[in-house]
Amino acid sequence: MREGSEIVQAFISTIQGFVEKNRFLITPQKIRLTDIVEIFIITFLFYHVLVWIKGTRAWMLFKGIVVILLFILVAAVFQMNTILWLASRMVSVALTALAVIFQPELRKALDQLGRKQFVTALFAFGNTQDTGRFSDRTINELVKASFEMGKVKTGALIVVEQDIVLTEYERTGIELDSLLTSQLLINIFEKNTPLHDGAIIVRADRVVAATCYLPLSDSMAISKELGTRHRAAIGISEVSDSLTIIVSEETGAVSVARSGKIFRNLDQDGLREQLKIIQNAESEQSSRLQLLQRRLKDAKKRRKNTD
């Protein structure tokens, strides 16, 4: 009995000590106007940082960092001291590496911060950049232009943007912001014209930039038959979720690069099918989610019936 009472007293004293140390969390505090302003500023900055990350390569890196942090969390739970020691030693090196890798994005973010009109930005939370899917008309125009250029062996490189915004590659070219038509594409890639060299970037139903430079893929699996244009198309598909249409200048064949893979010698139906896949990507995800919800509901009904 005496040991039990001592344990209870020790527990009570521990609770009292915790309450004394964290009294500010329990007792109601007076909310000042500056506290509200501070919360609003932090929310505003956090929101715009997330929007900026979502629109750059940093979003893919952010997901990789989350995976690494999960591994470190598991190592901490199971007391894997070697992994924790390595992680603690690599933190400073990783921060320096991030600053070097994303130096162009950080410089652009600071430049935009200096140009931003804060009064209008405070009320622009819903006015994010529209990167919606393209229309069926745009698909028809892309297919028509690609195969008309293929007939006369006019080389072309057309990057169709999806969720990851290709702003850093857009800056390497010449801004157009023109409605996409087959005549426009054919005129851009016509030989010996000012805009024919490089790639164009398509966002929704518009051509936003031409003569853009794309990163070349370092993959050793790429066929030696493919030239720089195909290697650039695969390279941009490795660092983003874009789809790139390639028209070969040597053979006139139409190919597509997506997710680090290349689909060669497509016909009109094949190219249209590839464009339909990315056009309906969001609807497919929502339909899969709805199907999963229906299955969960059916499973619950079956359990109730069996009970």
Side-chain angles (χ1 to χ4, degrees), residues 14-78 80 83-133 161-171 203-204 208 239-242 281-282 285-286 289:
T14 302
I15 295 297
Q16 290 176 345
F18 177 81
V19 171
E20 288 295 331
K21 291 180 180 179
N22 301 278
R23 186 177 295 276
F24 69 96
L25 295 175
I26 300 174
T27 57
Q29 301 291 317
K30 184 179 180 181
I31 299 177
R32 300 171 299 174
L33 179 61
T34 54
D35 296 331
I36 298 175
V37 174
E38 187 176 11
I39 293 172
F40 185 79
I41 292 173
I42 293 173
T43 304
F44 174 80
L45 293 176
F46 185 71
Y47 170 80
H48 280 278
V49 167
L50 288 180
V51 170
W52 172 74
I53 291 176
K54 181 68 175 178
T56 64
R57 291 182 302 168
W59 181 249
M60 300 175 71
L61 179 69
F62 177 75
K63 292 190 286 188
I65 291 174
V66 170
V67 174
I68 294 175
L69 291 177
L70 289 176
F71 278 116
I72 295 175
L73 179 61
V74 172
V77 171
F78 292 99
M80 300 177 182
I83 296 178
L84 295 176
W85 181 83
L86 289 173
S88 63
R89 294 298 183 274
M90 293 180 64
V91 169
S92 58
V93 178
L95 292 176
T96 305
L98 289 177
V100 173
I101 293 172
F102 290 99
Q103 184 265 341
E105 286 84 357
L106 292 172
R107 183 173 59 187
K108 183 188 175 186
L110 292 175
D111 180 67
Q112 290 179 345
L113 184 64
R115 297 181 184 182
K116 186 175 285 292
Q117 297 178 358
F118 287 98
V119 176
T120 56
L122 290 173
F123 303 97
F125 284 95
N127 298 330
T128 56
Q129 188 178 21
D130 184 14
T131 57
R133 303 299 185 197
E161 184 183 83
Q162 291 198 77
D163 293 331
I164 297 178
V165 183
L166 304 175
T167 307
E168 60 178 305
Y169 304 107
E170 180 185 340
R171 294 201 313 266
R203 179 177 299 140
V208 295
V239 299
S240 70
D241 59 352
S242 62
E282 291 181 347
Q285 291 177 359
S286 61
L289 181 60

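In this text, all values refer to a predicted model and were calculated from it rather than measured experimentally. If you read the sequence from its start, that first residue is 1, and numbering goes on from there.
When the side chain to side chain contact (heavy atoms under 4.5 Å, CB included) test is applied to I68, the partners found at least two apart in sequence or on another chain are I72. For the side chain to side chain contact (heavy atoms under 4.5 Å, CB included) test, residues two or more places apart in sequence or in another chain that qualify with M80 are A75, F78, I83.
Between T43 and I39, the shortest heavy-atom contact is OG1-O, 2.8 Å. Heavy-atom minimum distance, D241 versus D163: OD2-N, 3.1 Å.
Taking OG of S240 as the start and CG of L166 as the end, the distance is 5.0 Å to the nearest 0.5 Å. Between the CD atom of E170 and the CD atom of E161 there is a distance of 7.5 Å, given to the nearest 0.5 Å.
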request  = Report the C-alpha separation of I41 and L45 in whole Å, then their side-chain angles, then the decisive distance to 0.1 Å, and conclude whether the side-chain contact (heavy atoms from CB on, under 4.5 Å) test is met.
outcome  = CA-CA 6 Å; I41 292 173; L45 293 176; 4.0 Å; yes

